[in-house]
Amino acid sequence: MIPRIDDSIEESSWKKILSSAIKSPLELLQRLELPENLLLSGEVIDAEFAQRVPEPFLNRIKKGDINDPLLKQVLPVAKEREQHQNYIDDPLQESDSNPIPGVLHKYKSRALLITHPACPIHCRYCFRRHFPYGENNPGQARRDAALAYIRQDTQLNEVILSGGDPLTLDDPHLQSLFDQISGIPHIKRIRLHSRFPVVIPQRITETLIRTLQQSPLKTVLVLHINHPQEIDQQVANALQRLQHNNITLLNQSVLLHGINDDATILKHLSEKLFDIGVLPYYLHLPDAVAGTAHFDVSKARAIALMRELQAELPGFLVPKLVKENPGEHAKTTIFGG
Ligand SMILES: *Cc1c(COP(=O)(O)O)cnc(C)c1O
Ligand code: SF4
């Protein structure tokens with residue numbers, strides 16, 4: 001017989017991993033056997049948007065390789081401080097579609113609920129790195145107001161739990177949020193956008209699976225994986241448990257210079273995702289967020305990569321290349337779909 005893991009032990013395990021994430025660039029360099037003088041020379045920095053790298057993700061970074069594609073997603077570097085024209089704090093003008101604190105409502109049928117402002121990892125290219133989370137911090141009163149907003153708009157049929165990361169919310173709170181959303185008659189689907197399953201797979205507790213699986217609404221989990229090296233056996237196991245419980249699994253990636261702007265890598269990612277029960281959904285062109293210009297890939301180069309992917313993969317393994325343009329009724333498809 002397989003011993004049942006006690007729910008409270010499971011819950012404390014991911015919380016411990018989350019709170020002991022590596023926040024000091026010096027420690028990260030030491031753990032990865034990289035030269036500490038990268039800090040002294042100013043190439044690696046103590047950034048305002050602090051470093052955060054949890055142990056399970058760290059374990060997948062190759063030691064001694066400053067160009068590791070996972071390391072590049074998390075190590076704060078001097079290039080973030082460069083000023084570039086047209087790169088601003090809020091290029092998506094999300095503040096325009098923030099009707100009440102805690103809700104982003106841009107598209108007709110779906111609204112996004114800022115469920116928890118914190119993330120299990122800090123991605124250097126993050127498009128919400130300057131988002132005013134302080135003003136959007138979901139206390140209970142705000143949560144009630146956000147749900148009231150969703151209740152009064154009958155054109156909505158889907159609630160997207162986002163953040164930060166919605167799975168930073170613990171299981172009992174998540175269960176209660178699911179119960180409240182399920183009570184809104186016009187809502188058919190709950191979607192979660194989370195980087196937890198890949199970054200801290202221990203977050204996929206039995207209790208969480210029960211919450212998702214027992215909901216009367218269809219549940220969709222959109223993962224965020226950029227590179228095949230992010231998927232190890234532990235991640236594969238966690239995702240397989242979700243899949244066996246009828247949770248629809250999709251993935252979105254961001255196209256990032258020097259990390260995954262390569263047809264072989266993207267192809268390998270799609271194949272590996274399918275092997276573990278996940279379908280590619282979106283490949284985002286990076287947004288013009290201040291501090292992230294060094295990750296930029298041009299539209300022409302992105303389209304060329306997509307052509308290569310299309311020539312080598314079945315249609316259902318080719319993600320849609322999209323870009324978010326403020327004021328549009330949906331994301332803009334640049335290639336595919
Ligand atoms: C991306 C996004 C969505 C979801 O769009 P889909 O095309 O349905 O994946 C919803 N709301 C906001 C604010 C978004 O940025
Ligand atoms: S997990 Fe998402 S929201 Fe959080 S830092 Fe990374 S890209 Fe940004």
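Counting convention: from 1, in listed order, for ligands and their atoms alike. What you see below is based on every heavy atom in this structure, not just the backbone, and it leaves out hydrogens, waters and symmetry mates.
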Trainee: Answer side chain, backbone, both or neither: which part of Ile160 comes under 4.0 Å from ligand 1, heavy atoms only.
Mentor: side chain
Trainee: Could you list which atoms of ligand 1 come closer than 4.0 Å to a heavy atom of Arg110?
Mentor: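 Close to Arg110: 5 (O), 6 (P), 7 (O), 8 (O).
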Trainee: Checking Gln229 against Asp68: is there a side-chain donor and acceptor pair closer than 3.5 Å?
Mentor: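 Their side chains do contain a donor-acceptor pair, which is all the 3.5 Å distance test asks for.
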Trainee: Quick one: are Asn226 and Arg195 in side-chain contact, heavy atoms under 4.5 Å?
Mentor: yes
Trainee: Which atoms from ligand 2 have a heavy atom of His224 less than 4.0 Å away?
Mentor: 7 (S)
Trainee: With no hydrogens and no angle check, just 3.5 Å: does a side-chain donor-acceptor pair link Tyr125 and Asp287?
Mentor: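 No, no side-chain donor-acceptor contact under 3.5 Å.
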Trainee: Arg191 near ligand 1, heavy-atom distance under 4.0 Å?
Mentor: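 For ligand 1, residue contact (heavy atoms, under 4.0 Å) with Arg191 is present.
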Trainee: Which atoms of ligand 1 are found less than 4.0 Å from any heavy atom of Tyr281?
Mentor: 6 (P), 7 (O), 8 (O), 9 (O)
Trainee: Counting non-hydrogen protein atoms only, what is the nearest one to atom 7 (O) of ligand 1? Give residue, atom name and distance.
Mentor: Tyr282 OH, 2.6 Å
Trainee: Hey, are Lys267 and Glu308 close enough for a salt bridge, meaning a charged N less than 4.0 Å from a carboxylate O?
Mentor: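 No.
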Trainee: List the closest protein heavy-atom neighbour of atom 14 (C) of ligand 1: residue, atom name, distance to the nearest 0.1 Å.
Mentor: Lys331 NZ, 3.2 Å
Trainee: Under 2.8 Å from atom 4 (Fe) of ligand 2, protein N/O/S atom count?
Mentor: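 Number of qualifying protein atoms: 1.
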Trainee: Give the residue, atom name and distance (to 0.1 Å) of the protein heavy atom nearest atom 3 (C) of ligand 1.
Mentor: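 Checking every protein heavy atom, the shortest distance to atom 3 (C) of ligand 1 gives Tyr107 CE1, 3.5 Å.
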Trainee: Does NE2 in His173 sit with more than 12 non-hydrogen atoms of other residues, nucleotides or ligands closer than 6.0 Å?
Mentor: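 Incorrect, the count does not exceed 12.
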Trainee: Check contact between Gln252 and ligand 1, using heavy atoms of the residue and a distance below 4.0 angstrom.
Mentor: no
Trainee: How about Pro76 and Phe49: do any of their side-chain heavy atoms sit closer than 4.5 Å?
Mentor: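 No, side chains not in contact.
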Trainee: For Glu36 and Gln30, which I'm curious about, is there any donor-acceptor pair between the side chains at under 3.5 Å?
Mentor: yes
Trainee: If the cut-off is 4.0 Å to any non-hydrogen atom of Glu324, which atoms of ligand 1 fall inside it?
Mentor: 15 (O)
Trainee: Could you see which bit of His105 sits under 4.0 Å from ligand 1, with heavy atoms only: side chain, backbone, both or neither?
Mentor: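 Neither; no heavy atom under 4.0 Å.
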Trainee: Quick one: do the His193 and Arg191 side chains pair a donor with an acceptor below 3.5 Å?
Mentor: yes
Trainee: What protein heavy atom lies closest to atom 12 (C) of ligand 1? Include the residue and the distance to one decimal.
Mentor: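 The protein heavy atom lying closest is Leu112 CD1, 3.6 Å.
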Trainee: Is the distance between the ring centroids of His329 and Tyr107 under 6.0 Å?
Mentor: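 Centroid separation for Tyr107 and His329: 6.0 Å or greater.
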Trainee: Sequence neighbours left out, what pairs pass salt bridge (charged side-chain N to carboxylate O under 4.0 Å, His left out) with at least one residue falling in residues 171-185?
Mentor: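 Every salt bridge (charged side-chain N to carboxylate O under 4.0 Å, His left out) pair that includes a residue of residues 171-185, provided the two are not neighbours, is Asp171-Arg203.
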Trainee: Distance only, no hydrogens: is a donor on one side chain within 3.5 Å (strictly under) of an acceptor on the other, for Tyr87 and Asp296?
Mentor: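 There is such a pair between these side chains.
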Trainee: Hydrogens and angles aside, do His122 and Gln51 bring a side-chain donor and acceptor to less than 3.5 Å of each other?
Mentor: no
